[in-house]
Amino acid sequence: MKVTSAGLFALVSLLPFAAAQAPIWGQCGGIGWTGPTTCASGSTCTVGNPYFSQCLPGTASSSSVSTPSGSSTSTAPGSTGSTAPAPGSPFTGTTYFLSPPYASEVAAAAKLITNSATAAKAASVANIPTFIWLDSVSKIAPFGTYLSTASAQQKSTGQKLLVPIVIYDLPDRDCAALASNGEFSIANNGAANYKTLYIDPIVALIKQFPDVKIVAVIEPDSLANLVTNLSVAKCANAQSVYLSSVTYAIQQLSAVGVTMYLDAGHAGWLGWPANLGPAAQLFISLYQNAGKPSGVRGLATNVANYNALVAASPDPITQGDPSFDEMLYIQNLAPLLGSSFPAHFIVDQGRSGQQNLRQQWGDWCNVVNAGFGTRPTTNTGSSLIDAIVWVKPGGECDGTSNSSSPRFDAHCALSDAAPNAPEAGTWFQSYFETLVTRANPSL
Ligand SMILES: *[C@@H]1O[C@H](CO)[C@@H](O)[C@H](O)[C@H]1NC(C)=O
Ligand SMILES: *[C@@H]1O[C@H](CO)[C@@H](O)[C@H](O)[C@H]1NC(C)=O
């Protein structure tokens with residue numbers, strides 16, 4: 001489905017790590033790396049693994065993070081970080097760190113809009129918190145920069161920040177669709193690469209900033225595909241690797257204090273009566289077998305999808321499913337989790353502002369006439385739901401409509417999918433403009 005690597009950082013020139021010298025925490029080398037190989041003064045290019053060298057502050061064991069006021073504070077990389085997440089919702093007492101790449105995309109997009117009122121509304125989207133997708137190894141170095149920025153920012157303001165991320169790089173990713181397949185393949189050492197080239201470097205970075213709170217959505221679609229799509233050969237083949245990889249991810253991320261919500265599809269996927277029980281069993285067994293990592297807080301629903309949290313009336317395409325919106329899905333799933341899995345939820349409403357748009361409930365690709373939805377809030381109307389969130393960065397394409405592309409998925413050429421769509425993850429300007437003008441509540 002949704003976001004992927006290629007063009008997410010098309011506006012890379014606006015970001016500090018594209019400078020001639022890599023900044024502190026930036027990538028400075030590795031197989032396939034074409035960016036800067038020298039580091040900003042005060043840092044040294046250090047080999048992490050064959051694919052990833054990074055500018056680490058100073059030389060050995062202490063680092064100095066400049067704050068906006070020009071003062072600096074020292075931390076010791078690698079020396080801390082085994083903090084169990086504080087109990088309770090990560091959204092309590094924190095303010096979001098705004099995604100720098102999304103802010104850049106939105107600012108550039110707003111400049112292309114000639115109507116000044118619409119342009120102003122578009123520009124305001126940059127201030128709405130959206131999750132940062134770590135959907136390839138190349139996103140890890142910029143993530144280090146964001147953590148450094150967030151740490152400095154919260155030191156200077158005293159306001160505790162929450163950095164929202166999506167872990168999304170499983171081997172044989174997106175096993176039941178085509179548009180968002182990833183960089184690792186099971187046939188080519190993907191299970192080991194996921195650990196050593198993806199999860200381990202992310203964990204190492206997080207460990208360097210124990211003061212920064214992180215909330216993560218874990219691997220959109222992966223477990224849901226194991227519930228309903230094992231008849232697809234690629235999913236059947238991926239089953240054990242998905243389970244072991246997700247287990248590794250939640251154990252390692254929990255150990256450095258990340259609060260996590262496992263992706264749980266949406267009402268039109270796992271909300272059907274026949275799927276609720278098997279889904280609950282899968283979440284429970286994964287969590288229990290992983291040793292109940294304390295960082296697992298619950299489940300994320302509707303990621304990158306279009307369903308209402310509470311539908312005014314059932315969309316006709318939902319007919320037959322008693323869970324015809326996300327609230328009903330959550331209320332029907334939670335009792336099946338019982339006390340065997342922490343039943344707290346977050347729900348993506350980023351593109352759910354307009355309803356009754358689709359021909360089939362399974363249509364997920366650039367659905368026409370969608371609008372931005374309810375803003376992120378902890379005022380959710382349910383004690384089961386920690387927060388309404390914007391996980392999908394609205395405006396980034398779900399998949400190309402070009403049937404000649406190697407990553408073409410037929411869902412992206414349906415009559416309810418927006419035409420002329422570029423590759424997954426790249427900016428889709430006309431789609432973004434529709435999200436802006438059809439936002440509900442309006443921007
Ligand atoms: C995956 O499962 C969903 C839900 O049952 C179904 O709608 C979809 O067609 C399946 N995908 C494939 C490729 O079989
Ligand atoms: C569609 O994809 C093919 C294969 O990648 C490419 O050659 C062609 O230029 C693309 N067409 C458009 C309109 O982008």
Side-chain angles (χ1 to χ4, degrees), residues 1-2 4-7 10 168 170 172-182 185-186 219-239 242-243 262-283 299-307 315-326 328-329 332-333 336 357-367 396-431:
M1 87 187 203
K2 71 225 80 138
T4 325
S5 40
Y168 188 53
L170 279 178
D172 286 14
R173 188 175 68 193
D174 208 19
C175 64
L178 299 171
S180 293
N181 47 30
S185 81
I186 292 171
E219 295 293 352
D221 294 354
S222 61
L223 300 177
N225 271 323
L226 299 187
V227 176
T228 65
N229 291 78
L230 288 176
S231 59
V232 179
K234 190 177 172 190
C235 293
N237 185 55
Q239 182 176 22
Y242 275 17
L243 293 173
L262 311 186
D263 185 84
H266 59 88
W269 191 348
L270 301 183
W272 292 88
N275 296 337
L276 284 167
Q281 283 312 309
L282 180 60
F283 297 131
L299 300 171
T301 81
N302 202 44
V303 168
N305 211 279
Y306 305 84
N307 298 336
D315 184 330
I317 57 171
T318 69
Q319 202 173 25
D321 186 353
S323 306
F324 60 77
D325 61 28
E326 295 303 304
L328 291 165
Y329 169 39
N332 290 330
L333 179 60
L336 303 180
L357 303 173
R358 289 170 282 185
Q359 316 250 301
Q360 306 271 343
W361 207 356
D363 296 351
W364 51 264
C365 193
N366 306 318
V367 168
E396 291 180 4
C397 190
D398 294 321
T400 179
S401 55
N402 178 354
S403 59
S404 308
S405 165
R407 299 169 80 213
F408 174 70
D409 188 292
H411 284 96
C412 302
L414 294 173
S415 60
D416 59 2
N420 305 316
E423 290 287 340
T426 63
W427 193 253
F428 192 0
Q429 178 72 15
S430 62
Y431 197 79

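First listed ligand is number 1; within each ligand, the first listed atom is number 1. Scope of the values below: all heavy atoms of this structure, side chains included, with no hydrogens, waters or symmetry mates.
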Q. Looking at CG of L243 and OG of S222, how far apart are the two atoms once the value is rounded to the nearest 0.5 Å?
A. 8.5 Å
Q | Element-labelled atoms of ligand 2 that are located less than 4.0 Å from some non-hydrogen atom of N402 | A | 1 (C), 2 (O), 3 (C), 8 (C), 10 (C), 11 (N), 12 (C), 14 (O)
**Q.** Polar contact flag, side-chain donor to acceptor under 3.5 angstrom, D416-Q359
**A.** no
Q) So among N307, D315, N305, which one has a side chain to side chain donor-acceptor pair (under 3.5 Å) with W361? A) N307
Q) Can you list, by chain and residue number, every protein residue with a non-hydrogen atom closer than 4.0 Å to ligand 1? A) A176, T228, N229, V232, W269
Q: Please examine the side chains of N225 and W269, heavy atoms only from C-beta on, and report whether any two atoms are closer than 4.5 Å.
A: yes
Q | Interatomic distance, L230 atom CG to C175 atom SG [nearest 0.5 angstrom] | A | 8.0 Å
Q) Within a radius of less than 6.0 Å around CD of Q239, do more than 12 heavy atoms belonging to other residues, nucleotides or ligands occur? A) yes
